[in-house]
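To start, the structure itself, in structure tokens.
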Amino acid sequence: MSDLSIPILLGGIGMLFVVLVVVLLLVARQVLVSRIRGAFECTVRRRGLVGGSSWQHGLMRFGTDRLRWFRAFSLRLRPEVVLRRSEIREVTRQRLPSQVDGGEERCLIAFSLDGGREVSAIVDPASGAALNSWLEAAPTGAVLGDA
């Protein structure tokens, strides 16, 4: 081997190692977030940097007083969207028909929050029912309009 090929070989091995570490971190984060109790698949509409919006897939997790949404295949450990139960003013639900014959129906859930902010999410019917139960199980006084 020539003296020039050894640094190129080491550089290639180093790059392969970095890519392998990044892939392992992505997989470990996804497993960590999904294994925690109360997590379910959820697609959320998010605003873009230039004013548009797009749907992004991820996992939403129930907490005692908040919902946390983690984007799929991200290295970020913190949730990207946090919905506090006390900020939720109104929730509307709408069933979405299946896009494919024999496919599963989905639910579109729109959260109206304090300050006129709105967050939309698409979940399966079972997760939609779980979200409804989570909202109804709020302690007295934790939700606007409560006794």
Side-chain angles (χ1 to χ4, degrees), residues 1-138 142-143:
M1 289 175 98
S2 70
D3 292 335
L4 195 55
S5 65
I6 292 175
I8 293 173
L9 180 64
L10 290 177
I13 291 173
M15 288 177 60
L16 181 64
F17 179 74
V18 168
V19 168
L20 184 64
V21 167
V22 168
V23 168
L24 286 174
L25 285 173
L26 279 172
V27 169
R29 180 211 172 261
Q30 195 70 12
V31 167
L32 177 71
V33 170
S34 66
R35 296 288 180 191
I36 296 174
R37 192 173 46 141
F40 58 94
E41 288 186 25
C42 177
T43 303
V44 172
R45 182 184 298 167
R46 304 216 33 228
R47 283 185 301 157
L49 295 174
V50 291
S53 64
S54 64
W55 291 96
Q56 294 182 351
H57 188 68
L59 293 170
M60 190 169 277
R61 196 173 73 199
F62 292 108
T64 305
D65 63 340
R66 64 192 71 179
L67 295 169
R68 295 175 181 93
W69 182 79
F70 298 86
R71 189 172 65 174
F73 303 112
S74 170
L75 289 177
R76 188 173 180 184
L77 294 177
R78 293 179 159 222
E80 301 215 9
V81 176
V82 176
L83 302 173
R84 288 176 177 71
R85 193 186 322 229
S86 60
E87 293 177 345
I88 298 173
R89 297 297 167 232
E90 186 179 348
V91 178
T92 57
R93 294 165 192 85
Q94 175 184 354
R95 283 205 178 264
L96 300 174
S98 171
Q99 299 292 329
V100 180
D101 261 352
E104 187 177 330
E105 286 187 351
R106 296 290 193 181
C107 294
L108 173 65
I109 300 175
F111 296 95
S112 296
L113 306 173
D114 282 345
R117 208 174 70 147
E118 191 165 307
V119 176
S120 298
I122 297 177
V123 297
D124 60 49
S127 299
L131 275 170
N132 190 37
S133 297
W134 179 81
L135 283 168
E136 291 177 354
V143 179

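Residue numbers start at 1 and run along the sequence shown. All heavy atoms count here, side chains included; hydrogens, waters and symmetry mates do not.
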Quiz item: Is there a side-chain contact between Asp114 and Glu87, using heavy atoms and a 4.5 Å cut-off?
Solution: yes
Quiz item: Could you go step by step and tell me if Val82 and Arg66 meet the side-chain contact (heavy atoms from CB on, under 4.5 Å) rule?
Solution: CA-CA 7 Å; Val82 176; Arg66 64 192 71 179; 3.8 Å; yes
Self-check item: Close side-chain approach of Phe40 to Val123, heavy-atom, < 4.5 Å
Solution: yes
Practice problem: May I have the step-by-step check of side-chain contact (heavy atoms from CB on, under 4.5 Å) for Val81 and Arg68, ending in yes or no? | Solution: CA-CA 6 Å; Val81 176; Arg68 295 175 181 93; over 6 Å; no
Exercise. With the side chain counted from C-beta on, respond yes when Glu80 and Phe70 share a heavy-atom pair under 4.5 Å apart, and no when they do not.
Key: no
Practice problem: Decide yes or no on side-chain contact (heavy atoms from CB on, under 4.5 Å) for Phe111 and Ser120, but give the supporting numbers first. | Solution: CA-CA 6 Å; Phe111 296 95; Ser120 298; over 6 Å; no
Quiz prompt | Beyond-backbone contact of Met60 with Ser127, side-chain heavy atoms, under 4.5 angstrom | solution = no
Self-check item: Straight-line distance of Asp124 CG to Glu104 CD, nearest 0.5 Å
Solution: 5.0 Å
Quiz item: If we only count heavy atoms from C-beta on, is the Leu108 to Arg93 side-chain gap below 4.5 Å?
Solution: no
Quiz prompt | Residue pair Ile122 / Gln94, side-chain heavy-atom distance below 4.5 Å | solution = no
Quiz prompt | Smallest separation among heavy atoms of Glu105 and Pro125, with atom names | solution = O-CD, 3.2 Å
Quiz item: So Asp65 and Arg84, salt bridge (Lys or Arg N to Asp or Glu O under 4.0 Å) or not? Walk me through it.
Solution: CA-CA 6 Å; Asp65 63 340; Arg84 288 176 177 71; over 6 Å; no
Quiz item: How about Ile109 and Thr92: do any of their side-chain heavy atoms sit closer than 4.5 Å?
Solution: no
Exercise. Kindly indicate whether a cation-pi arrangement holds for Arg46 with Trp69, taking the cut-offs as under 6.0 Å to the six-membered ring centre and within 45° of the axis.
Key: no
Quiz prompt | Sub-4.5 Å side-chain heavy-atom contact between Phe62 and Leu67 | solution = yes
Exercise. List the atom of Glu118, the atom of Ala110, and the distance in Å for their closest heavy-atom pair.
Key: OE2-CB, 4.0 Å
Quiz item: What distance separates Arg95 CZ from Cys107 SG, expressed to the nearest 0.5 Å?
Solution: 4.5 Å
Exercise. Output the distance between atom CZ (Arg106) and atom SG (Cys42), rounded to the nearest 0.5 Å.
Key: 9.5 Å
